[in-house]
Trainee: 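Attaching a single structure in structure tokens format; questions to follow.
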Amino acid sequence: MRAVVLAAHGGPEVLAVREVPAPTPGPDEIRVAVRATAINRADVLQRMGLYPDPFPGPHEIPGLEFAGTVESCGDRVRAWRPGDEVMGIVSGGAYAEMLCVHERQAVRVPRGIALGDAGAIPEVFVTAWDALVVQGGLASGRWALVHAGGSGVGTAAIQICRAVGARVIVTCSADKRAACTALGAHAAVDHRAEDFVEVVRRETGGAGADVVLDVVGGDYAARNVACLAPRGTIVQVGVMRGPDASVPLGALMRARGRIVGTVLRPRPLEEKIAISRRFEAEVVPLLESGALRPVIDRRYRLDEMADAHRRMEANANVGKIVIDVR
């Protein structure tokens, strides 16, 4: 099979398309013929040597999400049959024509969503829903603050807030404000020209945000605390500005707030299965109804992976950068 492998660690030029052996499914696994995958920040970090390969071996193949068709099944598989259309998250290996995944980690592709577009769904919608709703407790009538509103996670988060009846304020660059408000953001803050703390206080009438979804970290940490509503939650899912931060504990205590750190990739298989099953039950119906939809910025072929990485590193995308594997 064809796959994008890391010939070394470094810039986008280290991404190389090679012929490698196809994986063999275990007894509880399905082998998927991948139709599409998408780029994520963790892929960029892995390419740079800043994220360890979860599957050390002769070929390092990045890629955290997929959509495709079941090609074959392990002996104990009961949930799927060859020909079924599935999508899901994996710890790596999705930049390839074939991958194997535990049968219960795979999620059915929503009716009405093209298989090639479904590759833009799993990582960002699972991340945003898990952070906002499952861990943050976001519900109808509440306020959310979402950073990087034009990113893949951001565009998914805006829609999820709208779908549950919450209002959302986002930060983004000036050229992405219109796209964020079109998706349903109550307000879009130009992070270079405006103070998002002031905007949150003004728009919420001083109440603050019940949930903050942050992919930035660094100096945003203290300002996030200043935005919190009483008993609010900050969910940290990324650290684009660095992993170290100073947090005003007194302010956090007065708000009776909490900070939750979360990632998907290192979770044990049992947790990934649990979140996948709940995602299929609670979020896939929203995708089928049209309440949620994947936002696709641009599509590339497998042999254009370096250009796709360059676009992400330039922060030029609104929504997902999709790779058409087949």
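Given the structure is predicted, the values throughout are model-derived calculations rather than measurements.
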Trainee: Look only at the side chain of K176 and the backbone of A188, and say whether a donor-acceptor pair between them is shorter than 3.5 Å.
Mentor: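 Not a single qualifying donor-acceptor pair exists.
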Trainee: Are any side-chain N or O atoms of R301 and backbone N or O atoms of D324, one a donor and one an acceptor, separated by less than 3.5 Å?
Mentor: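 No; judged by distance alone, with no hydrogens or angles, the pair does not exist.
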Trainee: Do H309 and D43 pass the side-chain contact (heavy atoms from CB on, under 4.5 Å) test, and can you show the C-alpha distance, the side-chain angles, and the key distance before you say yes or no?
Mentor: CA-CA 9 Å; H309 272 236; D43 303 338; 4.1 Å; yes
Trainee: With a 4.5 Å cut-off on side-chain heavy-atom distances among I, L, V, M, F, W and Y, is there a chain of contacts connecting L264 to M312?
Mentor: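 No, separate clusters.
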Trainee: Do the non-hydrogen side-chain atoms of I30 and C100 ever get within less than 4.5 Å of each other?
Mentor: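 They are not in side-chain contact.
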Trainee: Strictly by modelled atom types, are E29 and Q105 linked by a side-chain donor-acceptor pair under 3.5 Å?
Mentor: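 Their side chains do not contain a donor-acceptor pair, so the 3.5 Å distance test is not met.
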Trainee: How long is the span from the CG atom in D195 to the CZ atom in R202, to the nearest 0.5 Å?
Mentor: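 Output value for this atom pair is 10.0 Å.
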Trainee: Do the side chains of V170 and R177 get nearer than 4.5 Å, heavy atoms only?
Mentor: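 With C-beta onward as the side chain, the pair stays apart.
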Trainee: Does the plane of the ring in F196 sit parallel, tilted or perpendicular to the ring in Y220? Use 30° and 60° as the thresholds.
Mentor: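 Correct class here is tilted.
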Trainee: Checking side-chain polar atoms at under 3.5 Å, does Q236 have a donor or acceptor matched by the opposite partner on D214?
Mentor: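 Judged by distance alone, the side chains do pair up.
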Trainee: So which heavy atom on I121 is nearest to which on P294, and how close?
Mentor: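 Minimum heavy-atom separation between I121 and P294: CG1-CB, 3.9 Å.
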Trainee: Is V90 reachable from V124 through a run of hydrophobic residues whose side-chain heavy atoms are each under 4.5 Å from the next?
Mentor: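 Hydrophobic grouping puts V124 apart from V90.
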Trainee: Can you tell me how far apart CD (E85) and CD1 (I113) are? Round to the nearest 0.5 Å.
Mentor: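 Between atom CD of E85 and atom CD1 of I113 there are 11.5 Å.
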Trainee: When you compare the side chain of R18 with that of H59, does any pair of heavy atoms fall below 4.5 Å?
Mentor: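 Result no, sub-4.5 Å side-chain heavy-atom pair not found.
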Trainee: Tell me, do S140 and V164 make a side-chain contact under 4.5 Å, heavy atoms counted?
Mentor: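 Sidechains of V164 and S140: no contact.
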Trainee: Do you know which two heavy atoms are closest between A148 and V215, and how far apart they sit?
Mentor: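 Distance-wise, the nearest heavy atoms are CB-CG2, 3.6 Å.
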Trainee: Do you see a donor-acceptor pair shorter than 3.5 Å between the side chains of Q135 and T233?
Mentor: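 Not at all, the side chains of Q135 and T233 share no donor-acceptor pair under 3.5 Å.
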Trainee: What verdict does the side-chain contact (heavy atoms from CB on, under 4.5 Å) test give for L252 and L228, after you've listed the backbone C-alpha separation in whole Å, the side-chain angles of each residue and the deciding distance to 0.1 Å?
Mentor: CA-CA 8 Å; L252 183 68; L228 273 186; 4.0 Å; yes
Trainee: Treating R142 as the side-chain partner and G137 as the backbone partner, does any N or O pair qualify as donor plus acceptor under 3.5 Å?
Mentor: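 Looks like yes, one N/O pair under 3.5 Å.
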Trainee: Indicate yes or no for a side-chain donor-acceptor contact from E60 to the backbone of P56 under 3.5 Å, with no hydrogens or angles considered.
Mentor: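 Not at all, since once roles are kept as given, no pair shorter than 3.5 Å links the two residues.
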Trainee: Taking all non-hydrogen atoms of both residues into account, name the closest pair between A106 and V86 and its distance.
Mentor: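 That would be CB-CB, 4.1 Å.
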Trainee: Would you check if the side chain of N40 reaches a backbone N or O of A42 as a donor-acceptor pair within less than 3.5 Å?
Mentor: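 No, because the side chain of N40 does not come within donor-acceptor range (under 3.5 Å) of the backbone of A42.
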Trainee: Verify whether one side chain among T262 and R267 offers a donor that lies under 3.5 Å from an acceptor in the other.
Mentor: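 Present: a donor and an acceptor within the cut-off.
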Trainee: Side-chain contact test, heavy atoms from C-beta onward, threshold under 4.5 Å: evaluate it for H102 versus L269 and give yes or no.
Mentor: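 Counting from C-beta outward, H102 and L269 do come under 4.5 Å.
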Trainee: Return the CD1 to CZ distance between I169 and R201, rounded to the nearest 0.5 Å.
Mentor: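 Spacing of CD1 (I169) from CZ (R201) equals 12.0 Å.
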Trainee: Between I160 and L292, is any pair of side-chain heavy atoms under 4.5 Å apart?
Mentor: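 Yes, side chains in contact.
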Trainee: Taking E65 for its side chain and I89 for its backbone only, find out whether a donor-acceptor pair lies under 3.5 Å.
Mentor: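 Judged by distance alone, no pair lies under 3.5 Å.
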Trainee: Test side-chain contact (heavy atoms from CB on, under 4.5 Å) on K272 and S91 and set out the steps.
Mentor: CA-CA 10 Å; K272 291 180 180 177; S91 296; 2.4 Å; yes
Trainee: Given side-chain contact (heavy atoms from CB on, under 4.5 Å), test V44 with Y51 step by step and report yes or no.
Mentor: CA-CA 9 Å; V44 175; Y51 213 132; over 6 Å; no
Trainee: What do you reckon, is CZ of R326 surrounded by more than 12 foreign heavy atoms closer than 6.0 Å?
Mentor: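 For R326, atom CZ is crowded (more than 12 foreign heavy atoms under 6.0 Å).
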Trainee: Give the cluster check for F66 versus L15: same hydrophobic cluster or not, with ILVMFWY residues linked at side-chain heavy-atom distances below 4.5 Å.
Mentor: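 Yes, F66 connects to L15 through the hydrophobic network.
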Trainee: In Å and rounded to the nearest 0.5 Å, what is the CD1 to OH distance from I39 to Y95?
Mentor: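 Going from CD1 on I39 over to OH on Y95, the span is 3.5 Å.
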Trainee: Would you kindly say whether Q46 and R265 are connected by a side-chain donor-acceptor distance under 3.5 Å?
Mentor: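 Q46 vs R265: donor-acceptor pair found between side chains.
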Trainee: CD1/I275 to CD/E280 distance, rounded to the nearest 0.5 angstrom?
Mentor: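 Separation between the atoms: 13.0 Å.
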Trainee: Flag the pair D117 and R299 as a salt bridge only when some basic side-chain nitrogen lies within less than 4.0 angstrom of an acidic carboxylate oxygen.
Mentor: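 Counted as a salt bridge, because a side-chain N and a carboxylate O are separated by less than 4.0 Å.
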Trainee: Please lay out, stage by stage, how E313 and R310 fare under the test salt bridge (Lys or Arg N to Asp or Glu O under 4.0 Å).
Mentor: CA-CA 5 Å; E313 288 185 288; R310 292 186 185 99; over 6 Å; no
Trainee: Does a side chain donor of either K320 or S151 reach within less than 3.5 Å of an acceptor in the other side chain?
Mentor: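 No, because no side-chain N or O of K320 sits under 3.5 Å from a partner of the opposite role on S151.
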Trainee: List the atom of C161, the atom of L132, and the distance in Å for their closest heavy-atom pair.
Mentor: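 So the two residues come closest at SG-CD1, 3.8 Å.
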Trainee: Measure the spacing between CE of M1 and CE of M98 and express it to the nearest 0.5 Å.
Mentor: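 The CE atom of M1 sits 8.5 Å away from the CE atom of M98.
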Trainee: Treating R47 as the side-chain partner and G10 as the backbone partner, does any N or O pair qualify as donor plus acceptor under 3.5 Å?
Mentor: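 Yes, the answer is positive, given that a donor and an acceptor are paired below the 3.5 Å cut-off.
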Trainee: Quick check on the hydrophobic clustering: are F279 and I273 connected, directly or via other members, by side-chain heavy-atom contacts under 4.5 Å?
Mentor: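 In one cluster: no.
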Trainee: Around atom CZ of R231, are there more than 12 heavy atoms of other residues, nucleotides or ligands at under 6.0 Å?
Mentor: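 Atom CZ in R231 is not crowded, with 12 or fewer foreign heavy atoms closer than 6.0 Å.
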Trainee: So, does R104 use its side chain to make a donor-acceptor pair with the main chain of R277 at under 3.5 Å?
Mentor: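 Between the backbone of R277 and the side chain of R104 there is no qualifying donor-acceptor contact (under 3.5 Å).
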Trainee: Taking R108 first and then E288, would you say they form a salt bridge - that is, a charged N and a carboxylate O separated by under 4.0 Å?
Mentor: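 Here R108 pairs with E288 in a salt bridge, since their nearest N and O are under 4.0 Å apart.
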Trainee: Are H147 and L213 close enough that some pair of their side-chain heavy atoms sits under 4.5 Å apart?
Mentor: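 Side-chain contact under 4.5 Å: no.
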Trainee: What heavy-atom pair brings D28 and V77 nearest, and what distance separates the two atoms?
Mentor: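 D28 and V77 have their closest heavy atoms at C-CG2, 3.7 Å.
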Trainee: Between D130 and R278 (salt bridge meaning N to carboxylate O under 4.0 Å), is one present in this structure?
Mentor: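 A salt bridge is absent here (no side-chain N lies under 4.0 Å from a carboxylate O).
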Trainee: Establish whether I323 and L115 are linked, either directly or via other cluster members, by ILVMFWY side-chain heavy-atom contacts under 4.5 Å.
Mentor: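 In one cluster with I323: L115, no.
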Trainee: So, are R311 and D297 salt-bridged, with charged N and O less than 4.0 Å apart?
Mentor: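 A salt bridge is present here (some side-chain N lies under 4.0 Å from a carboxylate O).
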Trainee: Measure from the side-chain N and O atoms of D84 to the backbone N and O of R81, and report whether any donor-acceptor pair falls under 3.5 Å.
Mentor: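 Here the side-chain-to-backbone pair exists.
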Trainee: Quick one: does E103's side chain have a donor or acceptor within less than 3.5 Å of a partner on R78's backbone?
Mentor: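 Here the side-chain-to-backbone pair exists.
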Trainee: Would you mind reporting whether W143 and V168 have side-chain heavy atoms less than 4.5 Å apart?
Mentor: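 Contact flag for V168/W143 side chains = no.
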Trainee: Minimum heavy-atom separation for A221 to A245, with atom names?
Mentor: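 Scanning both residues, the minimum pair turns out to be CB-CB, 3.6 Å.
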